[in-house]
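Throughout, protein chains are lettered first and strands after them, A, B, ... in sequence-line order, and every chain is numbered starting at 1.
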Amino acid sequence: MKVGIVGTGSMGSTHAMGWAETDAEIVGFCAESVPEAEPLAKKYHTKVFEKLDQLLSEADIVDICTPTYLHPTQVRQAAKARKQIICEKPLALDWQSGLEMLRACEEAGVRLLVAQVVRFFPEYAAAKELVDSGQIGKPGTIHLRRCSYRPKKPSNNWFLDEQKSGGILMDLAIHDFDYARWVAGDVRTVYTQKVSSLDPSSPIDFGLTILTHENGTLTHVTCGWAYPPPNFQTGFDINCERGAVHFDSEETMPIHNLIQTDKDAPDVALPGSPLAESPYTSEIKEFYRAICYGDEIRVTGMDGVKAVQIACAARESARTGEPVQIKPLEGVLK
Amino acid sequence: MIKIGIMSFAHLHAEAYIQNIRSIPGVEWIGFIDPDSERVKQFSEQFRTWGTSDFDEFFAKKPDGVVICSENNNHLSMVETAIAAGVKNICCEKPLATTLEDAEKIVSLTESKKINLMTAFPMRFSAPIVAVKDQLDRGVYGKIYCFRSENEGQMPSLHRKWFVDKKLAGGGALQDHLVHLTDLFRWITKSEVDSVYAQSSQCFHRGEVDVETAGMAMLHFKNDCFATIDCSWSRPDYYPTWGGLNFEVVTDRGAVQVDAFRQNLSVYRHDIQNQVWHYWGSDSNQGMIEEFAASIREERPACITATDGLRAVEVVQAAYESAASGKTVKL
């Protein structure tokens, strides 16, 4: 099958590496401008599409790796062209748009696969499997931590524009909101406080959230753009009735590099321990198998929408200082 | 010589404090009173010391100071008894009281009778925490925005049954573990809590006790700092240590992570087929009891007061109210 990649930033290039490991053909890249897409097109010996329409006319699968605020229009356009769709997280900036995107894809009879990549990180997948096995009982309290530095793009830094990225709760904490749901089920109440809501001029951002799940589990989510580059720390504790699972990216780092360097940290930090296969590649491979053979996947379009819904509630709570209730979405789609 | 004794061995910290008191030069350990004669027998034998269940006998030893380690709901009556017997210096175990009324009574009593009452918040004497506080005070780490923190532990009924008794302890995990970090953040930010959101559950040791075993709270301070605290009894009974206290302070220049009980040896033991952590860091209880002794010697108030204890009680009560209503509670 032929895949076209839209967006050539850190996610576009990371996904391209994944696609290169499949038997799909990368038909080309599309970015905001031709020069932006040229380096990747050259690397993968393929072409640059000036417009999304041109890419859609040649691709079977479209992989959308653009800034979040562009997702709804591009997904709808791709659905209209009846292409199979992979969309980077967050699916949209609000859950209502997410639902519409899901509906558009259903009507067009195409799949919408949301790249909630944390589900493909082996440490996160293993912990989920351990909890599901029933060996340690039901989760009582969960801690999920994810902190790095502010994305630093030389120009047009859409990450820092809350209108375009949704800010730290939407762009970063959404990974853990989704993971919390995956492990402990749907969420009932969200309470959040966030540095930039209290001090918009702050040079860092940090958000703390308490989720109450439908089943009574309490999840604490930490997200930060606060550490000096190149730090990126993730971690979790899943404390259950009959045991507990603990993970910390620093404690489990198998290599400590103390070599002097003048090299700058990347613009956007990506977490990751050395692995034979990158979790991003595992994700692309699973999505590709799902598209080719209808294989089951671990994350649905609705999961993508519900993660956005929690992030929206967290943003609202940070703004109002009050807990926000989550509206059940079951049945809304039909 | 300054004379110090302990009132009640109900709280297991008494077992640490007796050794702290005995090791201070210029301080005379006079013994202890415990209304429970079983405990008098057990601990006078264990620590080879004098103990009595008769208050008059105890106060006849003329203590300059007492350390109260009774069940939480008995703190007020212990304070009243000590003051009535002429004791001028009291160190009272946390939480200061199980109700707002009791805590307020203790504060007004100590104020009207000019009593030096120190609430036992030993974490203010933790060497790693003192080091971080010092850098924060000097502005080295920048301006404080928020804290993420955990004071998780094993279920304390492993050591003392009354810790899970609603009446004697005043509640469960929220009552037991919210006050330490609340006090630290008040101390570090020099600001007061103005709103509290909390959730609790009985997910750990379900069915074994009738108090909450899990709790998470978000505090907001008058100066706009905020903090989350997990105070759950989430550590399994076979965890390598009793629990821990750690926090991350986030500033405009980044973040600092502090684990107050990280200074451990990992010990592997054939006899228990498990790993245990052997703590080798400094003893914060020692620092706290030394400050109490110094305040008596220098005839000044200790650096932690009854009001500090009351402020923490206010937060705990607000947390219970929020957990019940699902709303934020303003102070």
Practice prompt. Taking the side chain as every heavy atom from C-beta outward, state whether A:Pro203 and B:Asp252 have any pair of such atoms under 4.5 Å apart.
Written response: yes
Worksheet item: Contact part of B:Tyr238 toward chain A, heavy-atom cut-off under 4.5 Å: side chain, backbone, both or neither?
Response: side chain
Worksheet item: Considering residues, nucleotides and ligands other than B:Asp271, do more than 12 of their heavy atoms fall under 6.0 Å from its CG?
Response: yes
Worksheet item: Counting only heavy atoms not in A:Lys327, do more than 12 sit closer than 6.0 Å to its NZ atom?
Response: no
Item to complete: Decide yes or no on side-chain contact (heavy atoms from CB on, under 4.5 Å) for B:Tyr145 and A:Leu198, but give the supporting numbers first.
Response: CA-CA 9 Å; B:Tyr145 281 127; A:Leu198 297 167; over 6 Å; no
Worksheet item: Which atom names give the shortest non-hydrogen contact between B:Val250 and A:Ala226, and what distance separates them?
Response: CG1-CB, 4.2 Å
Item to complete: Among the options B:Ser201, B:Gly215, B:Ser234, B:Ala227, pick out the one with the most heavy-atom pairs lying under 4.5 Å from chain A.
Response: B:Ser234
Discussion item. Within the structure provided, determine whether A:Asn239 and B:Glu152 are in side-chain contact (heavy-atom separation under 4.5 Å).
Written reply: yes
Practice prompt. Could you have a look at B:Arg253, B:Arg235, B:Gln199 and say which one has the most heavy-atom pairs with chain A under 4.5 angstrom?
Written response: B:Gln199
Discussion item. Which atoms of B:Ala217 are under 4.5 Å from chain A, going by heavy atoms: the side chain, the backbone, both sets, or neither?
Written reply: backbone
Discussion item. Counting only non-hydrogen atoms closer than 4.5 Å, does A:Thr222 touch chain B with its backbone (N, CA, C, O), its side chain (CB onward), both, or neither?
Written reply: side chain
Worksheet item: Between A:Pro323 and B:Lys327, which heavy-atom pair has the shortest distance, and what is it?
Response: CG-CA, 4.3 Å
Fill in: Least distance between heavy atoms, B:Met218 atom then A:Ile210 atom
N-CD1, 4.1 Å
Practice prompt. Check whether A:Thr189 gets within reach of chain B through its side chain, its backbone, both or neither, counting any heavy atom under 4.5 Å.
Written response: side chain
Fill in: B:Gln202 versus chain A, the contacting section by heavy-atom distance below 4.5 Å
neither
Fill in: A:Glu251, CD: over 12 other non-hydrogen atoms inside 6.0 angstrom
yes
Worksheet item: Looking at CD1 of B:Ile229 and CG of A:Leu208, how far apart are the two atoms once the value is rounded to the nearest 0.5 Å?
Response: 11.0 Å
Worksheet item: At a heavy-atom separation under 4.5 Å, does A:Gln233 approach chain B through its side chain, its backbone, both, or neither?
Response: side chain
Discussion item. In the structure I gave you, are the side-chain heavy atoms of A:Lys138 and B:Arg206 within less than 4.5 Å of one another anywhere?
Written reply: yes
Worksheet item: Can you tell me how far the OG atom of B:Ser200 sits from the CG atom of A:Leu218, to the nearest 0.5 Å?
Response: 7.5 Å
Worksheet item: Checking A:Arg242 against chain B: side chain, backbone, both or neither under 4.5 Å from a heavy atom?
Response: backbone
Worksheet item: Using a cut-off of under 4.5 Å for heavy-atom pairs, which of A:Pro228, A:Cys147, A:Cys240 has the most such pairs with chain B?
Response: A:Cys240
Fill in: Verdict with reasoning, A:His220 to B:Asp230, per side-chain hydrogen bond (donor to acceptor under 3.5 Å, both in side chains)
CA-CA 8 Å; A:His220 180 272; B:Asp230 184 333; over 6 Å; no
Discussion item. Restricting to non-hydrogen atoms, name the atom on A:Tyr227 and the atom on B:Gln257 that form the minimum distance, rounded to 0.1 Å.
Written reply: OH-NE2, 3.0 Å
Discussion item. Which one wins on heavy-atom pair count under 4.5 Å against chain A: B:His205, B:Glu248, B:Lys143?
Written reply: B:Glu248
Discussion item. To the closest 0.5 Å, what do you measure between CG (A:Asp199) and SG (B:Cys146)?
Written reply: 11.5 Å
Discussion item. Within this structure, what is the OG1-CD distance for the pair B:Thr328 and A:Gln193, rounded to the nearest 0.5 Å?
Written reply: 9.0 Å
